[in-house]
Structures are given as C-alpha cells and as structure tokens.
Amino acid sequence: MTDHPPAHTDVLIVGAGPAGLTLAATLAQLGIEHVIIDPKPAVAPGSKAAAVQPRTLEYLDRIGLAKRLIEDGVRGSGFSAVDGDRPLLRLSYDRIASPYPFLLLISQAQTEARIEQRLEELGSRVFRGIRLLGLVDEFPGSAATVVTEDGTMQVVNARFVIGCDGLHSTVRQRRAVDFPGNAPAQLFALADVVLDGGDEPGNDTTFSFSQHGMLLTSALPGGQLRIVASVPPGTAAPDESDIVRLLRDRGPSWAREVGVKSIAASSTYQVQQRVAGTMHSGNAFLVGDAAHTHSPAGGQGMNTGIQDAANLGWKLHHVLTSRTGEHLLDTYDAERRPVAHGLISFTAQLMNLAMISDRGAADLRNNTLAAAAQVPGVAEWLATKLSQLDIGYPPANPHDPVAGRRVDPRISTPRGLSWSLVAPPGTPLPEAPNDVTVTTSADVSQLIAVRPDGIAADPALASEAIGVDLPAASVAASERR
Ligand SMILES: Cc1cc2nc3c(=O)[nH]c(=O)nc-3n(C[C@H](O)[C@H](O)[C@H](O)COP(=O)(O)OP(=O)(O)OC[C@H]3O[C@@H](n4cnc5c(N)ncnc54)[C@H](O)[C@@H]3O)c2cc1C
C-alpha cells in the first residue's frame with residue numbers, strides 16, 4: 001500500500017531522478033518544507049549517465065555527498081580521442097582548477113541511491129508509487145492531482161511546483177511549455193560489461209573513431225566497462241556477439257582480443273536535442289531533462305540537471321524565508337536556459353565530429369585533432385569545458401569581471417550551503433549574518449560574495465540577501481590572470 005503525501009507543501013518536486021533528488025536534498029538541508037514524488041518503487045537500475053563532472057562534485061560536496069560518491073566510483077583521468085591505436089587528442093583532468101581534478105566514473109543508479117540516502121539522513125524521503133496527473137493554478141500556488149499505485153487520487157496544494165520529471169515531463173505539458181528541437185537519426189547502443197581477457201583499457205574515457213562508426217569505452221566500478229557505439233536506426237540492444245564485434249571492428253588493439261564475461265545492462269538510446277521554451281512558468285519550474293535533452297556525448301546531461309537544481313534550490317529557500325523578493329526566481333530561467341542551449345550546440349558538435357564516416361573527411365578530422373593537441377592550451381581549454389568549470393552567468397553590470405563567475409571552493413571555503421565573503425588579506429572583514437562564511441584569500445583583490453551555488457554574486461543581490469555592500473566591480477586576481 002502506498003502512503004500518501006501531505007495535502008499542503010511549500011515545494012512539490014515531481015520526479016526523483018538525479019535532478020529531483022538533488023533539489024530535495026538541497027531543500028532538506030536548508031530546512032524548506034517539500035514533498036518529492038515518483039511512480040518508480042525504487043531507483044531504477046540500467047545504463048544511463050556514467051560520469052560525474054568536477055563542477056557537479058563541487059556542488060555535491062555542499063550537500064554532504066562528494067566524499068562518499070568518490071569512494072564508490074573510479075577516478076577517471078579525462079577523455080581521449082583515438083583512431084585505432086593512433087592517439088589524436090587527450091584531455092587530461094589532472095590539472096584542471098578544482099578540488100576534484102578527475103572525472104568520477106560511477107553509474108547513475110549508484111549516484112541516485114547515494115543522493116536518496118543523503119535525503120533520508122536529512123529527515124526527508126521520496127513518496128514512491130505516486131504520479132502527477134494534473135496541475136491547476138490556485139493562488140498563490142497550484143493544486144496538483146496525483147494518483148497512487150492503487151488508483152487513489154489526491155490533491156497536493158503547493159506554493160511552487162518543480163518539474164524534475166524527465167523528457168516526457170507532465171509539468172511541462174500541463175503548463176503548455178513548448179519543447180522545440182529535433183531528433184537526429186542517431187541511435188546509440190549501450191552496454192555495461194565485464195570483459196574477458198585483454199589488457200586493461202585504462203581510466204581514460206576514450207572515443208575511438210573508425211570507418212565502422214564511433215565507439216566510446218569508459219571504466220565503471222566493479223571492473224565493468226561502459227560501451228557506447230553509434231548504430232543504424234532500428235538496431236536492437238547489443239548482445240554478447242554484438243559487443244565483441246563492436247570492440248573488434250572499432251576499438252584499439254587491446255579491444256580486438258577480448259571476450260565478454262558478463263553483461264550488466266544493455267540498451268539503445270535515441271538522441272533528441274531540445275530545450276524548453278521557458279524553464280519558469282508562473283509558480284512552476286522545469287529542471288533537468290524536463291527542460292533540456294541532448295546527445296550523451298561528453299557526459300553532460302545528468303550533470304546539467306544536478307546543476308539546475310543547485311541553481312534553483314537556494315533561490316527557493318531565499319524567497320520562501322523572505323530573505324529576498326520573488327524576483328530572484330526570475331534569474332533561474334535567465335541563467336540556466338542559455339547554459340542548456342550552449343550544451344546542445346557543444347554536444348552536437350562533439351557528436352558530429354565523432355560520427356564522420358567519409359574517409360577523406362575522417363582523415364582531415366583526425367589530423368586536425370592531432371594538430372590541435374600540439375597547440376598549447378587547447379587540451380586544457382577543452383577539459384575545462386567538459387568538466388563544466390567554465391559555466392557562469394552574465395552579470396547585471398556587463399563591465400563587472402567577477403559577478404556571475406564560478407569561484408573555486410578552495411577560495412571561498414563554504415560551509416554547506418552558506419554564502420561566503422572573501423576579502424584580500426589585510427583588509428577589514430565586513431559584518432555579516434552568522435550563517436555567512438567570512439574568509440580571506442590572496443586570490444581576490446577586492447571583497448567578493450559567493451552564492452550558495454558557488455557563483456560570485458552581483459552587488460545588488462549580495463546587498464539584498466546578506467546585507468553586505470560590495471565594491472561596484474570587484475576583481476578577483478585569479479580571474480584576471
Ligand atoms: C543511455 C543514456 C546514457 C546517458 N549517459 C549520460 C552520461 O554519460 N552523462 C550524463 O551526464 N548524462 C547522461 N545521460 C542523461 C541522463 O541520464 C539524464 O540527463 C538524467 O537522467 C536526467 O535526470 P533527471 O532527474 O532530469 O530526469 P530522469 O532521470 O529522467 O528522472 C525523471 C523522474 O521523473 C519521474 N516521473 C516521470 N513522470 C512523472 C510524473 N508524472 N509524476 C511523478 N514522477 C514522474 C520518473 O519516474 C523519473 O524517476 C544518459 C542518458 C541515457 C538514456
């Protein structure tokens with residue numbers, strides 16, 4: 001028998017995938033009343049996202065999760081592109097400017113299980129076996145009709161409703177938000193396998209280009225290997241002989257001699273590239289795949305959804321506790337939708353490069369990548385982009401060189417979801433509320449304020465949220481170099 005959620009809540013989170021769970025854990029840590037529902041009886045197994053980016057780990061650390069995920073996963077060293085045994089380009093994460101200079105390789109199911117465990121530690125939980133059916137405005141919130149597994153209908157009144165309900169989002173449909181884009185004829189076969197024989201493929205996530213198509217291989221915990229391969233439309237989920245053939249025809253020499261000991265998961269995945277017309281409609285917000293979907297190239301999708309939740313969670317807290325006005329919520333769509341659009345063009349370019357089949361064009365691509373690898377800074381720039389460390393938001397004052405940018409947590413030293421104030425050494429520290437971390441760092445040249453999602457705040461927001469006046473355009477020395 002399903003137990004029923006409360007009839008009233010401040011925030012109704014629809015969907016307990018990685019985005020919804022992260023938002024729920026964020027609100028639980030901030031003491032905001034919420035309800036999270038999902039029709040699934042438990043975290044679903046299967047092969048979906050297999051990589052957690054450094055930027056995501058920086059946020060998960062704030063909600064008490066990075067350490068245990070890192071213990072569960074495998075520290076990947078970055079990305080490589082090869083053609084057979086010819087190395088073309090290597091994007092090492094070793095030197096990126098983050099406390100987490102690695103690509104954490106871990107299954108999405110394990111990531112979700114850990115976030116849900118954290119949610120329960122924080123005193124909350126997912127109401128499972130419950131699906132959203134309908135949503136109507138009821139000032140100042142919404143009345144959400146949900147149905148339990150046994151067919152019982154119930155209404156949950158919520159001040160805010162957050163659609164974390166994936167690609168086919170009911171919240172998006174009930175709000176009549178459009179979801180324009182396309183579905184390119186790109187099908188991928190996916191499998192998580194344990195191989196039999198052959199050399200260790202190493203800890204790089206490797207794109208192998210070949211005349212037969214693209215093959216991606218990436219380590220997973222438990223000695224498993226994630227395999228992703230472009231396949232013709234209509235192809236079935238790969239079995240053992242398909243996997244051996246894909247490795248033999250497309251991979252480097254280590255992959256040509258191996259067998260398959262076991263298959264943990266196998267599926268196919270049809271790429272869609274879409275961004276919602278808005279991520280904020282009235283009192284409803286769209287987060288994660290409900291708002292954007294794209295090619296899995298580069299391990300960006302789940303990470304982007306978790307960072308959407310990171311952007312929205314503290315804003316909901318500030319508005320519900322009257323720390324700021326409701327206008328703060330308007331910045332969610334303004335900040336996150338351009339990120340989703342940028343992600344789609346970036347992953348589409350990566351995929352188009354990987355899918356080139358014409359021999360002459362493939363030779364040109366390979367030679368260009370090999371040449372780019374020799375240009376100082378190119379590999380580092382790409383590694384920073386893939387790790388999502390470069391994601392920031394336009395400042396209110398276009399001449400402000402700091403506001404809107406990510407601040408390395410080693411500079412801001414946050415406590416959980418606290419704001420941080422960072423002053424240059426030797427300058428007087430400002431008065432701030434008790435829950436603000438105040439620190440000094442030689443990496444800043446003027447006082448900066450860092451939001452709970454790790455972004456340097458605009459002066460107007462810092463003044464409203466924590467009552468601190470920043471210099472009009474503060475400049476972090478590390479950012480100017
Ligand atoms: C094969 C594959 C490989 C991928 N590889 C990667 C990768 O390497 N890296 C990466 O970052 N991303 C990857 N992704 C993308 C990643 O899996 C998604 O971006 C991620 O799952 C999105 O998380 P989400 O929480 O937004 O949505 P989802 O994970 O889709 O979760 C949505 C939840 O909402 C629930 N729900 C749906 N409808 C309702 C309703 N009406 N009421 C209540 N609940 C509802 C669902 O049951 C589900 O639990 C991959 C995806 C696939 C399919």
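In this chain, numbering begins with 1 at the start of the sequence shown. Every heavy atom of this structure was used, including side-chain atoms; hydrogens, water molecules and symmetry mates were not. Order of listing sets the numbers, starting from 1, for every ligand and every atom in it.
- Ligand-side atoms of ligand 1 in range of Lys40: 47 (O), 48 (C), 49 (O), range being under 4.0 angstrom from any heavy atom.
- What sits closest to atom 13 (C) of ligand 1 on the protein, heavy atoms only, is Ala49 CB, 3.3 Å.
- The nearest heavy-atom contact from the protein to atom 16 (C) of ligand 1 is Gln108 OE1, 3.6 Å.
- Ring geometry for His280 against Phe285 counts as parallel: the plane angle stays under 30°, on a 0 to 90° scale with 60° as the upper cut.
- For ligand 1 and Thr170, the ligand atoms under 4.0 Å from any heavy atom of the residue are 41 (N).
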For a side chain to side chain contact (heavy atoms under 4.5 Å, CB included) check, start with the C-alpha distance between Asp192 and Leu225, then their side-chain angles and the critical distance, and finish with the verdict. CA-CA 6 Å; Asp192 294 346; Leu225 189 73; over 6 Å; no

Applying side chain to side chain contact (heavy atoms under 4.5 Å, CB included) to Phe188 and Val271, what does each step give before you reach the verdict? CA-CA 8 Å; Phe188 292 93; Val271 171; 3.3 Å; yes

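- In summary, the atoms of ligand 1 found under 4.0 Å from a heavy atom of Gly15, numbered by their order in the structure, are 33 (C), 34 (O), 35 (C), 44 (N).
- The shortest N or O to N or O distance between Leu132 and ligand 1 is under 3.5 Å.
- Here's the thing with Gly301: one of its N/O atoms is less than 3.5 angstrom from an N/O atom of ligand 1.
- A donor-acceptor contact closer than 3.5 angstrom is absent between the side chains of Thr148 and Gln154.
- Interface of Cys164 with ligand 1, defined as ligand atoms under 4.0 Å from a residue heavy atom, comprises 32 (C), 33 (C), 34 (O).
- Every atom of ligand 1 with a heavy atom of Ala50 under 4.0 Å away is listed here by number and element: 7 (C), 8 (O).
- Side-chain contact check for Ser77 and Asp204: at least one donor-acceptor pair (N or O, by modelled atom type) lies under 3.5 Å.
- Ranking the protein heavy atoms by distance from atom 35 (C) of ligand 1 puts Asp38 OD2, 3.2 Å first.
- Looking from atom 27 (O) of ligand 1 to the surrounding protein, the closest heavy atom is Gly166 CA, 3.9 Å.
- Here is the list of ligand 1 atoms found below 4.0 Å of a heavy atom in Gly288: 26 (O).
- Scanning the protein for heavy atoms near atom 11 (O) of ligand 1, the closest one is Met302 N, 2.7 Å.
- When only non-hydrogen protein atoms are considered, atom 45 (C) of ligand 1 lies nearest to Pro39 CD, 3.5 Å.
- Every atom of ligand 1 with a heavy atom of Gln300 under 4.0 Å away is listed here by number and element: 9 (N), 10 (C), 11 (O).
- Judged by the 6.0 Å distance and 45° axis criteria, Arg172 is positioned over the aromatic ring of Phe179.
- Within the cation-pi definition used here (under 6.0 Å to the ring centroid, within 45° of the axis), Arg55 does not qualify as a partner of Tyr59.
- The contact set between ligand 1 and Asn303, taken as ligand atoms under 4.0 Å from a residue heavy atom, comprises 11 (O).
- For residues 29-54, no residue pair satisfies the salt bridge (Lys or Arg N to Asp or Glu O under 4.0 Å) rule, not counting sequence neighbours.
- For atom 37 (C) of ligand 1, the closest non-hydrogen atom on the protein side is Asp165 O, 3.4 Å.
- Note: Phe209 and Phe207 have tilted aromatic rings, judged against thresholds of 30 and 60 degrees for the angle between ring planes.
- Cation-pi contact between Lys385 and Phe346: present, with separation from the ring centre below 6.0 Å and deviation from the ring axis of at most 45°.
- In this comparison of Thr293, Asp289, Thr111, the heavy atom closest to atom 22 (C) of ligand 1 sits on Asp289.
- Residue Val14 places no N or O, backbone or side chain, under 3.5 Å from any N or O of ligand 1.
- When each of Val11, Thr22, Ile162, Thr331 is paired with Leu312, the side chain to side chain contact (heavy atoms under 4.5 Å, CB included) condition holds for Ile162 and for no other.
- Proximity of Gly305 to ligand 1 is not established, as no heavy-atom distance is less than 4.0 Å.
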Apply side chain to side chain contact (heavy atoms under 4.5 Å, CB included) to residues Arg336 and His292 and explain how you reach the verdict. CA-CA 10 Å; Arg336 292 305 294 175; His292 43 75; 5.8 Å; no

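- Considering only non-hydrogen protein atoms, atom 2 (C) of ligand 1 sits nearest to Lys48 CA, 3.7 Å.
- Legend: salt bridge (Lys or Arg N to Asp or Glu O under 4.0 Å) pairs involving residues 241-254, not counting sequence neighbours, sorted by first then second residue: Asp242-Arg245.
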